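Read the structure below first, then the notes.
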Amino acid sequence: MDTIFFILSKVVQFCIEPLNWVPIFVLLALFFLSLRKPHLCKRSLLLALLDLFIVGWLPTSEILLRSIENLTPKVELSKDLVSEVGGIIILGGAINGGEIAVDRGEVSIHSSAERVTKAFELIRKNPSLPYIFSGYSGRITPRGLSEADAFKQLIQEQGLSEQNAHYENQSRNTYENVLYMKPIIQEFGSKNESGQLKPWLLITSASHMYRSVRIFQKQDLPVLPLPVDYQTANHLQWTEFDLVDGAQNWHDVVHELVGLFAYWITGKI
């Protein structure tokens, strides 16, 4: 059932993303042209142009993405982090493992690199804290190195301590991240004077943080959100047109909205 849910969420997201409708509108235009219905052909082409405008004009996606990123404020880190938190959690989604890492012998970090760089900073400053990196692959047919194994390789290349390292390399989505990490958190997390688990510091992209925190709360796991990888500023870029950035923004928006709806309807949040 979880596999069907995983595949279905990917299919729904692909169908909803605005840029994916452009070739459909173009094909419809060609179809109507072959039927000698120029008015329908023109309408289809206009819809394709409108779609491109909506994707490329950045404020259309930034309004939604900024709202999602602002749902969870960033916590102020204590100078004595070791006494405040039980550990550090880094969610996957920033590392390209797979066949490329195996064939090329190098681990690549993509646009969500702040998840990794912030983790390196905190691990280096707080070597006594346990940390967990969670993630296998978000692809339907993953191959090669898992994200967790790729992160382990990066840790070793950076010369960081692995004494308190834990790697979860089975999860394919955020719900599985939390589910598979739960036993590790309960076993290795420190407790306060009343015997309750101390909250773990959670590192993930700002757009992904709200959904992540809700899942942890549903599993009765306290976390302190440390969002990174912000893609929007306080002011919209009213004069900017960029299809690449716009498509990525819409991808993030649709990914989170589909995820929130799917997790809500299945009782995961």
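Model, not experiment: these values are computed from the prediction.
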Original post:
Roughly how far, to the nearest 0.5 Å, is the CG atom of Asn126 from the CG atom of Leu77?
Top reply: 9.0 Å
Original post:
Side chain of Asn169, backbone of Ala148: donor and acceptor closer than 3.5 Å?
Top reply: no
Original post:
What's the shortest heavy-atom distance between Pro23 and Leu19, and which atoms?
Top reply: CD-O, 3.6 Å
Original post:
Would you say Pro225 and Thr72 make side-chain contact, with heavy atoms under 4.5 Å?
Top reply: yes
Original post:
Where do Ser128 and Val82 come nearest, in terms of heavy atoms and distance?
Top reply: OG-CG2, 3.6 Å
Original post:
How about Gln156 and Glu162: does a side-chain donor come under 3.5 Å of a side-chain acceptor?
Top reply: yes
Subject >> Neighbour count above 12 (heavy atom, 6.0 Å) for Phe120 CZ >> reply: yes
**OP:** Answer whether the closest heavy-atom distance between the side chains of Arg211 and His208 falls below 4.5 Å.
**Re:** yes
**OP:** Evaluate the criterion side-chain hydrogen bond (donor to acceptor under 3.5 Å, both in side chains) for residue pair Gln153 and Asp149; output intermediate values, then yes/no.
**Re:** CA-CA 6 Å; Gln153 181 176 323; Asp149 292 331; over 6 Å; no
Subject >> Flag side-chain contact, heavy atom, 4.5 Å: Val213 against Leu202 >> reply: yes
**OP:** First locate atom CD of Glu147, then atom CG of Leu154, and finally report the distance between them rounded to the nearest 0.5 Å.
**Re:** 10.5 Å
**OP:** In sequence, state the C-alpha distance, the side-chain angles, and the governing distance for Glu62 and Thr232, and then conclude on side-chain hydrogen bond (donor to acceptor under 3.5 Å, both in side chains).
**Re:** CA-CA 6 Å; Glu62 286 182 336; Thr232 62; over 6 Å; no
Original post:
Can any side-chain N or O of Asp242 pair as donor or acceptor with the backbone N or O of Gly246 at less than 3.5 Å?
Top reply: no
**OP:** Determine the minimum heavy-atom distance between Lys218 and Gly267, stating which atoms define it.
**Re:** CE-O, 3.3 Å
Original post:
Can you find a heavy atom in the side chain of Leu201 that is under 4.5 Å from one in the side chain of Val75?
Top reply: yes
Subject >> Close side-chain approach of Lys118 and Val228, heavy atoms under 4.5 Å >> reply: yes
Subject >> Polar side-chain atom of Arg124 near backbone of Leu160 as donor-acceptor pair, under 3.5 Å >> reply: no
Original post:
Does the Trp200 side chain pair with the main chain of Pro130, one donor and one acceptor, at a distance under 3.5 Å?
Top reply: no
**OP:** Supply the atom-to-atom distance Leu257 CG to Leu64 CG, rounded to the nearest 0.5 angstrom.
**Re:** 7.0 Å
Original post:
Would you call Ile185 and Phe216 a side-chain contact if the rule is heavy atoms closer than 4.5 Å?
Top reply: yes
Subject >> Check: Tyr131 and Ile155 side chains under 4.5 Å, non-hydrogen atoms >> reply: yes
Original post:
Are a donor atom and an acceptor atom from the side chains of Ser171 and Asn177 found within less than 3.5 Å of each other?
Top reply: yes
Subject >> Partners meeting side chain to side chain donor-acceptor pair (under 3.5 Å) with Ser83 (sequence neighbours left out) >> reply: Asp80
Original post:
Of the non-hydrogen atoms in Asn192 and Lys198, which two are nearest, and what is the gap between them?
Top reply: N-CG, 4.0 Å
Subject >> Check: Tyr263 side chain, Tyr175 main-chain N or O, donor-acceptor pair, under 3.5 Å >> reply: yes
Subject >> Polar contact flag, side-chain donor to acceptor under 3.5 angstrom, Ser134-Glu168 >> reply: yes
**OP:** Return yes if a side-chain donor-acceptor contact under 3.5 Å exists between Gln170 and Glu176, otherwise no.
**Re:** no
Original post:
What residues, two or more places apart in sequence or in another chain, satisfy side chain to side chain contact (heavy atoms under 4.5 Å, CB included) together with Lys182?
Top reply: Gln186, Gln219, Leu221
Original post:
Atom CG in Leu35, atom SG in Cys41: separation rounded to 0.5 Å?
Top reply: 10.0 Å
Original post:
Which is it for Glu69 and Arg66 under the salt bridge (charged side-chain N to carboxylate O under 4.0 Å, His left out) test, yes or no, and what are the steps along the way?
Top reply: CA-CA 5 Å; Glu69 290 184 336; Arg66 186 176 64 178; over 6 Å; no
Original post:
Which pair of heavy atoms, one from Leu129 and one from Asn164, lies closest together, and at what distance?
Top reply: O-CB, 3.6 Å
Subject >> Check: Glu256 and His251 side chains under 4.5 Å, non-hydrogen atoms >> reply: no
Original post:
Does any N or O in the side chain of Trp57 come within less than 3.5 Å of the main-chain N or O of Leu243, such that one atom is a donor and the other an acceptor?
Top reply: no
Original post:
CG/Leu49 to CZ/Phe25 distance, rounded to the nearest 0.5 angstrom?
Top reply: 11.0 Å
Original post:
If you round to the nearest 0.5 Å, how far is CD1 of Ile68 from CD1 of Ile63?
Top reply: 12.5 Å
